[in-house]
Protein chains: 2
Amino acid sequence: MVIQRQTLRAQIRAELIERMNAGSLPPGEAINEVHLAAELGVSRTPLREALIALENEGLIQSEQGKGFRFSPVSAKEFEELCPVLAALEGLALELSPPEHLAEIAPQLLQEAREFSANVAEYGVITKYDDEWHDLLLSGCTNERLMDLITTLKLALRRYESVMVKDEQMIERAASEHQLIAERVAAGDIAGAIEALRTNWLNGMQRTLNNFAP
Amino acid sequence: MVIQRQTLRAQIRAELIERMNAGSLPPGEAINEVHLAAELGVSRTPLREALIALENEGLIQSEQGKGFRFSPVSAKEFEELCPVLAALEGLALELSPPEHLAEIAPQLLQEAREFSANVAEYGVITKYDDEWHDLLLSGCTNERLMDLITTLKLALRRYESVMVKDEQMIERAASEHQLIAERVAAGDIAGAIEALRTNWLNGMQRTLNNFAP
DNA sequence: CGACTGAGTAATGTATACAGTGGACGTTGT
DNA sequence: ACAACGTCCACTGTATACATTACTCAGTCG
């Protein structure tokens with residue numbers, strides 16, 4: 001085992017992401033650096049560095065002289081992110097070696113089926129969904145692309161609390177996963193990509209329906 | 001006229017980008033914060049903040065305890081970036097309102113034709129190319145997407161000195177632009193997207209041929 | 001009564017100071 | 001001769017101090 005150290009700014013960044021996902025840091029709220037630094041038990045320097053890093057990922061915004069604020073969530077941003085992720089995941093799938101896809105296809109199918117069975121526990125669903133997508137794209141060696149996808153998903157995660165309202169929604173997602181997996185298994189990559197895009201855009205629409213009821 | 005102020009970190013970021021594009025900051029080179037800060041006439045604090053911002057854009061890398069270094073250029077990174085940009089620009093084109101595309105089509109065509117005529121001045125070509133692509137995507141209102149494209153192009157710009165070696169290359173690019181413009185003019189968006197992707201991938205291939213001769 | 005002004009305050013933006021780490025180099029022991 | 005160890009120096013990572021800016025809220029003038 002290797003004891004791995006991390007810089008404070010990395011730890012702070014992780015902690016802030018954690019808290020944002022947990023919902024304890026309300027979107028749109030202004031950030032008081034002194035207070036937040038004190039609360040985290042660090043000085044302002046690494047905190048500011050973490051904030052700047054998060055700003056580039058779109059989770060935080062800043063304005064000259066007025067400091068930082070947590071990015072507000074909006075239907076607009078959500079509608080912007082989804083098509084981009086659909087395109088990028090589609091590309092990642094396209095760039096994956098077909099032989100690798102053939103290899104993981106059975107597992108994809110199996111997990112897609114398990115998905116609809118194990119929707120009992122609330123909060124597990126999104127993790128499940130993430131892992132399934134990760135597996136789907138595990139063959140893509142384009143690091144830059146995978147980094148981008150990771151970053152954008154981070155921004156999307158803030159919408160999850162809104163997202164996971166409806167069980168019907170989950171079942172539909174599961175069936176879509178199954179469709180994608182089946183096409184991958186059949187070697188129909190183009191079809192799988194299209195199904196993947198549909199999955200994203202359907203998911204977006206479902207969420208938007210919950211957003212402003 | 002509005003006098004606009006900028007934070008030091010923003011100015012430093014801009015200056016570093018400028019210098020990287022000018023080639024005065026060799027890729028792969030380690031960064032000495034004290035020296036660079038002194039050279040820029042600022043303290044380490046805003047410099048580090050700028051470096052962290054650039055790190056998230058892929059222009060700079062960092063390692064725990066060893067500080068920052070300018071990202072080395074590599075055929076691998078170049079090959080990773082191009083398909084991503086092809087996909088994202090394709091998406092941006094897809095998301096553009098057809099009526100706007102119809103409106104700018106004549107200008108696109110005209111500039112594509114002028115392009116092949118005005119290849120005389122060295123160094124103007126890439127600017128020309130950039131502006132043409134900007135015009136092509138000017139109808140896309142997905143800010144997030146446009147930001148992404150801008151950021152990725154920043155990373156690509158470092159490869160330009162390698163890129164612009166061959167005049168034949170430019171002529172081919174011009175003819176491809178013309179093809180894209182013609183399809184836009186004809187209302188064939190899907191065809192234009194495909195031509196755009198081809199343009200990117202051809203450009204990549206041409207550059208790679210120059211990269212390791 | 002309303003709008004402008006100005007001091008005061010709290011926060012951000014920047015500089016400097018301190019602490020801890022990595023690497024170079026010399027030393028020592030075999 | 002060479003490997004292992006220890007010391008030292010330069011540099012990064014973090015904390016603190018300073019400067020500057022933006023907001024607040026009386027107070028004053030029209």
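Here is the naming used below: chain letters follow the sequence lines, and residue numbers restart at 1 for every chain. In this text, all values refer to a predicted model and were calculated from it rather than measured experimentally.
Of the candidate nucleotides D:dA22, C:dT14, D:dT12, D:dA22 has the atom lying nearest to any side-chain atom of B:R5.
Note on B:R197 versus B:E89: no salt bridge recorded, every NZ/NE/NH1/NH2 to OD/OE distance being 4.0 Å or above. By the 4.0 Å N-to-carboxylate-O rule, B:E55 lies too far from B:R48 to be salt-bridged with it. Residues B:E57 and B:K153 are not paired through a salt bridge, judged by the lack of any N-O separation under 4.0 Å between the basic side chain and the carboxylate. At a threshold of 4.0 Å, the pair B:R44-B:E49 does not count as salt-bridged, since none of the basic side-chain nitrogens sits closer than that to a carboxylate oxygen. A salt bridge does not link A:E63 with A:R69: none of the charged nitrogens is closer than 4.0 Å to a carboxylate oxygen.
Remark: P of D:dG13 and CD of A:Q6 are 13 Å apart, rounded to the nearest angstrom. Following rounding to the nearest Å, B:L36 (CG) and D:dT12 (C1') show an atom-to-atom distance of 14 Å. Between A:E33 atom CD and C:dG13 atom C1' there is a gap of 8 Å when expressed in whole angstrom units. Distance, A:R9 CZ to D:dA15 C1': 15 Å, rounded to whole Å. Atom CG of A:N32 and atom P of C:dG13 are 12 Å apart (whole Å).
Contact annotation for A:I31: backbone-only contact, meaning every heavy-atom pair under 4.0 Å involves sugar-phosphate atoms and none involves a base.
Heavy atoms from other residues, nucleotides or ligands lying under 6.0 Å from CD of A:Q64 number more than 12.
Within residues 38-52 of chain A, the residues having any heavy atom closer than 4.0 Å to DNA chain C are, in order of number, A:R44, A:R48. Heavy-atom distances under 4.0 Å link DNA chain C to B:K66 of residues 61-70 of chain B, given in residue order.
Aromatic ring pairs are classed by plane angle as parallel below 30°, tilted from 30° to 60° and perpendicular above 60°; the pair A:Y159 and A:F78 is tilted.
Checking B:Q11 against B:E15 by side-chain atom types alone, no donor-acceptor pair falls below 3.5 Å.
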